[in-house]
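Whatever order the structure lists them in is the order used to number ligands and atoms, beginning at 1.
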Amino acid sequence: MTKALDGVRILDFTHVQSGPTCTQLLAWFGADVIKVERAGEGDATRGQLRDIPGVDSLYFTMLNHNKRSITLDTKKPLGKEVLETLIKDCDVLVENFAPGALDRMGFSWERIQELNPKMIVASVKGFGPGPYEHCKVYENVAQCAGGSAATTGFDDGPPMVTGAQIGDSGSGLHLALGIVTALYQRTQTGRGQKVLTSMQDAVLNLCRVKLRDQQRLERTGVMEEYPQYPNGTFGDSVPRAGNASGGGQPGWILKCKGWETDPNAYIYFVAQAPAWGVICRVIGKEEWISHPDYATPRARLPRLMEIFATVEEWTKTMTKFQAMDEMNQFDIPCGPILSMKEIAEEPSLRATGTIVEVDHPERGKYLTVGNPIKLSDSPTEVERSPLLGEHTEQVLAQLGYTGEQIAHLRSEHVI
Ligand code: CAO
């Protein structure tokens, strides 16, 4: 079966997490992704957080599936020549170097346009144009600068970063959408274009609801669905909301049986308005159904923490999975706090290809997260990440290099 992006060739000049997330997605959709790395070390993540000495780390393998790897020193004249050939041959160049690195290498947008006017040049940078545009940026810097850290955590604690890599993988996702959109526009214009995702922008986009709340706060001075209401105070910026729901239906994380020893024996409970009657019946508080202090969502707002505490007395009598079953019977929205161990072992996630077991020649079998975007006509088969330079000769031969030329490049330490 053909793949959605069959025939699209990507010059993958990415490293670490943000860029590789993007090119891995494109590879999963069928693009031919050629990852260009420096000989010797390659992408720094190959050697970071290693769990097996001398073997590509899980950090690397889980972000570089379905790609080919070539080694190339793009600062040497002969390496630049090879890069030029690649630029002429590929549809998209994706990079997430520090600002200015591609220009310093001699490959400005203008130069790339000269070589291949159809080429799409897609970049992740920490910041867009402005005071910080020259800064190097990692995940948590973006979470802090994009509004996530200020709005995550509890009111009485410091700002907090989240485990979800919204700065890196979030930016990669945004960039991938920009690339396929530019490819689509190219079918009409015949031209390439620049695609830029700043990590700050990507995080802020994912924190959109907090900018909503900032403006609500400025207008009304109070956030009635936040845990600070009615007894706490509000300043002039959106406070951290603990585990309050980000949407219009109040929610909170509640303890379940075993919480004293199991750090994940909790459930997220949503006091959805249409389910209020059934919630009251299930927890044995039928009197709340018609009581004026509880009957309407508005009346409940100043009492949310008391309501959650009462529901928690009920959820504490059962495991999170039993609580889930009980509530699901009545369509009460809720979700168990699943540990990574539980997720890794969940059979239904294996069945859908969301968790995939991959075999690697050096590390053996490991688990990865498969493609979260499922296309019915372009199913994803997750293939192991390439070893450093595994496809150098194959790709160069495809570009028209003879065996003799390849040997010369090797003897000059260009590849
Ligand atoms: N051959 C020769 N040189 C190469 C090369 C190759 N194949 N590949 C890379 N290089 C060179 C670059 O040209 C650059 O050289 P100069 O500094 O002389 O211009 C150098 O390697 C280092 O690149 P870098 O500055 O991007 O790498 P770093 O490790 O210092 O910084 C990072 C890493 C991530 C902070 C930076 O790349 C960055 O800010 N990227 C943009 C934001 C981003 O994506 N961050 C997320 C990373 S995921 O957590």
Nearest neighbour in protein (non-hydrogen) for atom 9 (C) of ligand 1 | Phe97 CE2, 3.4 Å
Which option, Val137, Val414, Thr74, Leu72, owns the non-hydrogen atom nearest atom 45 (N) of ligand 1?
-> Val137
Atom 48 (S) of ligand 1 - nearest protein heavy atom and its distance | Asp168 OD1, 3.0 Å
Counting from 1 in the order shown, the ligand 1 atoms closer than 4.0 Å to a non-hydrogen atom of Val124 are 41 (C), 44 (O)
The reported gap from CD in Glu345 to CG in Leu338 (rounded to nearest 0.5 angstrom) is 11.5 Å
Nearest protein heavy atom to atom 32 (C) of ligand 1, by residue and atom, and its distance?
-> Tyr138 OH, 4.0 Å
Within the 4.0 Å heavy-atom cut-off, what Leu102 brings close to ligand 1 is neither
Out of Met105, Lys75, Glu41, whose heavy atom is nearest to atom 15 (O) of ligand 1?
-> Lys75
With respect to atom 17 (O) of ligand 1, which of His15, Lys76, Arg104, Arg38 exhibits the smallest heavy-atom separation?
-> Arg104
Can you pull out the closest protein heavy atom to atom 28 (P) of ligand 1? Residue, atom name and distance to 0.1 Å, please.
-> Lys136 NZ, 3.6 Å
Taking only Lys NZ, Arg NE, NH1 and NH2, and the carboxylate oxygens of Asp or Glu, determine whether Glu95 and Lys125 approach each other closer than 4.0 Å.
-> yes
Could you tell me which atoms of ligand 1, counted from 1 in the order shown, lie closer than 4.0 angstrom to a heavy atom of Asp73?
-> 1 (N), 2 (C)
Taking the non-hydrogen atoms of Ser18, is any one of them nearer than 4.0 angstrom to ligand 1?
-> yes
Relative to atom 24 (P) of ligand 1, which among Ala98, Gly42, Cys135 owns the nearest non-hydrogen atom?
-> Ala98
List the closest protein heavy-atom neighbour of atom 40 (N) of ligand 1: residue, atom name, distance to the nearest 0.1 Å.
-> Asn96 O, 2.9 Å
Output for pair (Lys75 NZ, Arg38 CZ), nearest 0.5 Å, gives 6.5 Å
Can an N or O of Gln17 be found at a distance shorter than 3.5 Å from an N or O of ligand 1?
-> no
What about His134 and Phe127, are their ring centers closer than 6.0 Å?
-> no
Please determine, by modelled atom types, if Glu37 and Ser69 share a side-chain donor-acceptor pair under 3.5 angstrom.
-> yes
Can a salt bridge be assigned to the pair Asp359 and Arg384 using a cut-off of 4.0 Å between side-chain N and carboxylate O?
-> no
Considering residues at least two apart in sequence or located in another chain, which fulfil the side-chain contact (heavy atoms from CB on, under 4.5 Å) criterion with Leu115?
-> Glu84, Ile87, Lys88, Phe107, Arg111
Is Glu224 salt-bridged to Arg216, going by a charged N under 4.0 Å from an acidic O?
-> no
Go through the structure and list residues passing side-chain contact (heavy atoms from CB on, under 4.5 Å) with Thr61, not counting sequence neighbours.
-> Asp56, Leu58, His360, Arg363, Tyr366, Ser385
